[in-house]
Amino acid sequence: PNLQSQTATTLEGGWRGRWDRFTWDAAIYYSWVQDELLSLRDATGASLGAVNADSTRHFGVELGLAAQITERVSARIAYTYQDFRFQNDPVRGNNLLGGVPRNVVDGVLAVQATDALRVAAAVRWLPTRTPADNMNTLWADPYAVVDLRADYRINEIFSLYGQVTNLFDKTYASSTLVVDQATPGQAVYLPGDGLAFYAGI
């Protein structure tokens, strides 16, 4: 009952364009966030539960580029940078907010092999580690996952698809539970799916 509404003031700018076989999107934003709702601890380490943080800042950049390389080959890549921080917090200083990956790269290469068959490879890459707690004492490792997919169009109504996810059976934490201060033996890592196969119509 004592919680305040989380509010923010955000400045954002972007650019979208096209040239020949290329299209692109770019955006940058900065948010002054007040009373962000977070699960925090006090200076003694005692849990406060969900409370309002005094002041946080969210800064991000989003870039996307797509190309029609040939009539049958296309590619797309997207990059996201996120810097979400406390602002002069008495306990956490200017630490990064837990659970927010700083760099994310997604890419897809697709081939229209025939009029009916499309094959694509996709990669999701987090090249830098991600803080799992607001005190920035525990981090999730970087990872990259590759997926493959094929779609076959039977007619105007039906199509088949097959997909392989996590092609190289990478062991990784796809995300984490966000805690204020990680403790030894605490389970915070949420495992990503291993090698998997899907098919459907």
Side-chain angles (χ1 to χ4, degrees), residues 1-17 24-66 76-107 122-145 170-193:
N2 296 322
L3 295 177
Q4 302 297 315
S5 297
Q6 175 179 315
T7 62
T9 301
T10 302
L11 293 177
E12 181 174 358
W15 178 36
R16 174 174 294 168
W24 60 86
D25 289 89
I28 185 170
Y29 63 89
Y30 194 96
S31 289
W32 293 263
V33 185
Q34 294 295 323
D35 297 318
E36 184 163 1
L37 294 164
L38 298 170
S39 180
L40 304 178
R41 294 172 180 264
D42 64 18
T44 68
S47 176
L48 298 172
V51 296
N52 295 111
D54 291 335
S55 179
T56 54
R57 299 290 183 265
H58 294 192
F59 170 67
V61 177
E62 300 171 353
L63 304 172
L65 176 66
R76 176 174 48 83
I77 189 167
Y79 168 71
T80 301
Y81 173 77
Q82 301 175 120
D83 189 89
F84 294 3
R85 294 180 177 273
F86 291 92
Q87 192 75 12
N88 300 318
D89 186 88
V91 177
R92 296 155 205 85
N94 294 323
N95 282 2
L96 295 166
L97 269 66
V100 182
R102 300 198 74 193
N103 300 277
V104 181
V105 180
D106 289 291
V123 62
R124 180 172 179 81
W125 179 32
L126 272 67
T128 53
R129 59 185 191 160
T130 301
D133 66 349
N134 295 322
M135 296 300 291
N136 295 173
T137 62
L138 185 67
W139 301 75
D141 290 336
Y143 69 86
V145 177
K170 172 73 174 175
T171 299
Y172 69 102
S174 61
S175 61
T176 67
L177 297 178
V178 179
V179 295
D180 193 42
Q181 171 70 69
T183 58
Q186 187 174 19
V188 298
Y189 297 114
L190 302 178
D193 291 337

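Just so we're clear, the structure is a prediction, and the values are computed from it rather than from any experiment. Heads up: numbering here begins at 1 and tracks the sequence.
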How close do [X] and [Y] get, heavy atom to heavy atom, and via which atoms?
X: Val33; Y: Gln6; answer: CG1-CG, 4.1 Å
X: Ala187; Y: Leu177; answer: O-CD1, 3.5 Å
X: Pro142; Y: Thr128; answer: CG-C, 3.8 Å
X: Asp133; Y: Leu138; answer: OD1-N, 3.3 Å
X: Arg92; Y: Asn134; answer: CD-CB, 4.0 Å
X: Gln4; Y: Leu37; answer: O-CD2, 4.0 Å

Could you state the interatomic distance from [atom1] ([X]) to [atom2] ([Y]), rounded to the nearest 0.5 Å?
X: Tyr189; Y: Ser175; atom1: OH; atom2: OG; answer: 12.0 Å
X: Asp42; Y: Leu48; atom1: CG; atom2: CG; answer: 5.0 Å
X: Ile28; Y: Leu11; atom1: CD1; atom2: CG; answer: 10.5 Å

ask   = What do the steps show when you test His58 against Glu36 for side chain to side chain contact (heavy atoms under 4.5 Å, CB included), and what is the final call?
value = CA-CA 11 Å; His58 294 192; Glu36 184 163 1; 3.0 Å; yes
More than 12 non-hydrogen atoms from neighbouring residues, nucleotides or ligands closer than 6.0 Å to [atom1] on [X], yes or no?
X: Arg102; atom1: CZ; answer: yes
X: Trp125; atom1: CH2; answer: no
X: Asp25; atom1: CG; answer: yes

Considering residues at least two apart in sequence or located in another chain, which fulfil the side chain to side chain donor-acceptor pair (under 3.5 Å) criterion with [X]?
X: Ser55; result: Arg57
X: Thr176; result: none
X: Gln181; result: Thr137

query = Should Tyr81 and Asn103 count as side-chain neighbours, where that means a heavy-atom distance under 4.5 Å?
reply = yes
key: ring pair (Phe, Tyr, Trp, His ring centres under 6.0 Å) partners of residues 30-56, not counting sequence neighbours, each pair once   = Tyr30-Trp32
note = Sorted by chain and number, sequence neighbours left out, ring-ring contact (aromatic ring centres under 6.0 Å, His included) with Tyr172 holds for Tyr143
remark   = The ring-ring contact (aromatic ring centres under 6.0 Å, His included) partners of Trp24 (sequence neighbours excluded) come to Trp15
request  = Have a look at Pro131 and tell me which of Val178, Leu97, Asn136 forms a side chain to side chain contact (heavy atoms under 4.5 Å, CB included) with it.
outcome  = Asn136
message = I need the single residue from Asp89, Asp83, Asn88 that forms a side chain to side chain contact (heavy atoms under 4.5 Å, CB included) with Arg85. Which is it?
response = Asp83
ask   = Is the backbone of Pro101 close enough, under 3.5 Å, to the side chain of Gln82 for a donor and an acceptor to pair up by distance?
value = yes
task = Please confirm whether the backbone N or O of Leu40 pairs with a side-chain atom of Asp180, one donor and one acceptor, at under 3.5 Å?
result = no
